[in-house]
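These notes concern the structure reproduced below.
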Protein chains: 2
Amino acid sequence: MPHDTAKPTAAPTENPLPTDVPAPALMPVDDLLCFSFYAASHAFTRVYKPLLDAIGLTYPQYLVMVALWEKDDQTVGGIGDKLGLESSTLTPLLKRLEALGLLSRSRDPADERVVRVRLSDQGEALRAQARKIPECILKATGLDLADAVRLQKEVSALRDALEKAAGKS
Amino acid sequence: MPHDTAKPTAAPTENPLPTDVPAPALMPVDDLLCFSFYAASHAFTRVYKPLLDAIGLTYPQYLVMVALWEKDDQTVGGIGDKLGLESSTLTPLLKRLEALGLLSRSRDPADERVVRVRLSDQGEALRAQARKIPECILKATGLDLADAVRLQKEVSALRDALEKAAGKS
DNA sequence: GGAATATAATTCGTACACGATATAATCGCA
DNA sequence: TGCGATTATATCGTGTACGAATTATATTCC
């Protein structure tokens, strides 16, 4: 293995960290709030895996399908707003779902910039196959419905706070 | 600015507590517990972005560094267990951190199968630069420390439940 | 002591995920 | 009315993330 001397060190951009705050003790990874979300999110994906394999979808693809089952005929940007994804993520993902025959993508005649995404009959039909998934997931969490709803609200509120903080920094 | 033109949803069902519904089969995306985690996790990444750009790390790279700051001289598998990542994810990531001069990777003479990962002086030094990050994140969450700890514990417990469910399927 | 097995890391192929850039279509306003 | 700014999507490059197959080493058990 050749010894790399490139060493692209930290960019000399302005440091957004406060410089005079006394630092707290270093937290173990497991105690970081962000890490618990990171790990829990991966754990969700792993629980979904066998259920989604059965209907031939990945987890992000499933989220797009749920969004379309909820409301058909959405734009790429609309789906992106809902799921928090960029068009650079969605375009290839939607092309794969189109290749699977689950939806169609076509430019809106009224505004050629916009691509409208519509479920195919097959995409509609898949909904029935996916119907039992949410309760399987709920069971895997070990939570009752009330706790799950409470936690979902708390996490969504946290997301809002984080996005507000990220938006204006 | 949302791109919706069609059908203002007349349904006043903003509250996702439909306990009369037999199964959470047709839940909107936003109400899925898994989605709230998925979205919150992305939101955390976005909040971290400017802070980590300043020290030249990505978010998963930062987690690896935190794990090493907590305990130096770990194996690839050990880090993977802690972070819940496969070696196929870690190997290239660790090679990038090595290329940055933050750590070294070398086979253990006592067992040539394992690779020991050790911080370099530069990697140790970076710790000081990163000390103030956790409190910046806490501030962005809008939570006080007690709430953050409580939520972290709840989410970690959920992760454990999910992993147990995924493990024996 | 050596074959069968198990383990640790790497490689490979596929699929997100994002920022920067490109391209095309529409809008805004002088 | 025209043309610069804005908007919607697509493309490109980099970096996760995982499962399957591979390689090399260590352990088991006969």
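Every chain is numbered from 1 and lettered A, B, ... according to where its sequence line falls, protein lines coming before strand lines.
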Of the nucleotides [options], which has the atom closest to the [X] side chain?
X: B/Glu112; options: C/dA9, C/dC16, D/dT25; value: D/dT25
X: A/Thr91; options: D/dG15, C/dT26, D/dT11; value: D/dT11
X: A/Arg96; options: D/dT9, C/dC18, C/dA15; value: C/dA15
X: B/Lys95; options: D/dC18, D/dT9, C/dT11; value: C/dT11
X: A/Val76; options: D/dC18, D/dT9, C/dA9; value: D/dT9
X: A/Ser87; options: C/dA9, D/dA17, D/dT9; value: D/dT9

- Do A/Ser88 and C/dA17 share a donor-acceptor pair, side chain to base, under 3.5 Å?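 Checked by distance alone, the answer is no.
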- Considering only heavy atoms and no angle criterion, is a donor-acceptor pair shorter than 3.5 Å present between the side chain of A/Arg113 and the base of D/dT7?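 Side chain to base: pair present.
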- Task: Can you label the angle between the B/Tyr59 ring and the A/Tyr38 ring as parallel, tilted or perpendicular, going by 30° and 60°?
- Result: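 The rings of B/Tyr59 and A/Tyr38 stand perpendicular, inter-plane angle above 60°.
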- Message: For A/Tyr62 and A/Tyr48, take the angle between the two ring planes, folded into 0 to 90°, and tell me which bin it lands in: parallel under 30, tilted 30 to 60, perpendicular over 60.
- Response: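 Correct class here is tilted.
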Taking the basic N atoms (NZ, or NE/NH1/NH2) and the acidic carboxylate oxygens, is any pair closer than 4.0 Å for [X] and [Y]?
X: A/Glu135; Y: A/Lys139; value: no
X: A/Arg150; Y: B/Glu154; value: yes
X: B/Arg118; Y: B/Asp72; value: no

Rounded distance (Å) that lies between atom [atom2] of [N] and atom [atom1] of [X]:
X: B/Gln74; N: C/dA8; atom1: CD; atom2: C1'; result: 15 Å
X: A/Leu97; N: C/dA15; atom1: CG; atom2: C1'; result: 12 Å
X: B/Leu90; N: C/dT10; atom1: CG; atom2: P; result: 9 Å
X: A/Arg107; N: D/dT7; atom1: CZ; atom2: C1'; result: 12 Å
X: A/Leu85; N: D/dT9; atom1: CG; atom2: C1'; result: 15 Å
X: A/Glu86; N: C/dC16; atom1: CD; atom2: C1'; result: 13 Å
X: B/Leu63; N: D/dG15; atom1: CG; atom2: P; result: 17 Å
X: B/Arg116; N: C/dA9; atom1: CZ; atom2: P; result: 9 Å

- Flag the pair A/Arg116 / A/Arg105 as yes when at least one side-chain heavy-atom distance between them is below 4.5 Å, and no otherwise.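 The answer is no; the side chains never approach within 4.5 Å.
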- Item | Side-chain heavy atoms of B/Thr91 within contact of B/Val115, under 4.5 Å |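 B/Thr91 vs B/Val115: side chains apart.
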- Query: Taking for each residue the nucleotide of DNA chain C bearing the nearest heavy atom, is the 5' side occupied by B/Gly77 or by A/Pro60?
  - Reply: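 The residue whose closest nucleotide sits nearer the 5' end is B/Gly77.
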Would you say [X] places a side-chain N or O within less than 4.0 Å of OP1 or OP2 belonging to [N]?
X: A/Gln61; N: C/dC16; answer: yes
X: A/Lys49; N: D/dA17; answer: no
X: B/Arg105; N: C/dA9; answer: no

- Query: With A/Asp160, which residues qualify under side chain to side chain contact (heavy atoms under 4.5 Å, CB included), at least two apart?
  - Reply: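 Result, side chain to side chain contact (heavy atoms under 4.5 Å, CB included) vs A/Asp160: none returned.
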- Task: Remember a base hit wins even if backbone is also touched, and classify B/Thr58 as base, sugar-phosphate or nothing at under 4.0 Å, heavy atoms.
- Result: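 Sugar-phosphate contact only.
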- Counting any heavy atom closer than 4.0 Å, what does A/Gly84 reach on the DNA or RNA strands: base, sugar-phosphate only, or nothing?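 Contact class for A/Gly84: sugar-phosphate only.
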- Item | DNA chain D contacts made by residues 37-47 of chain A, counting heavy atoms under 4.0 Å |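 DNA chain D contact set from residues 37-47 of chain A: A/Tyr38, A/His42, A/Arg46.
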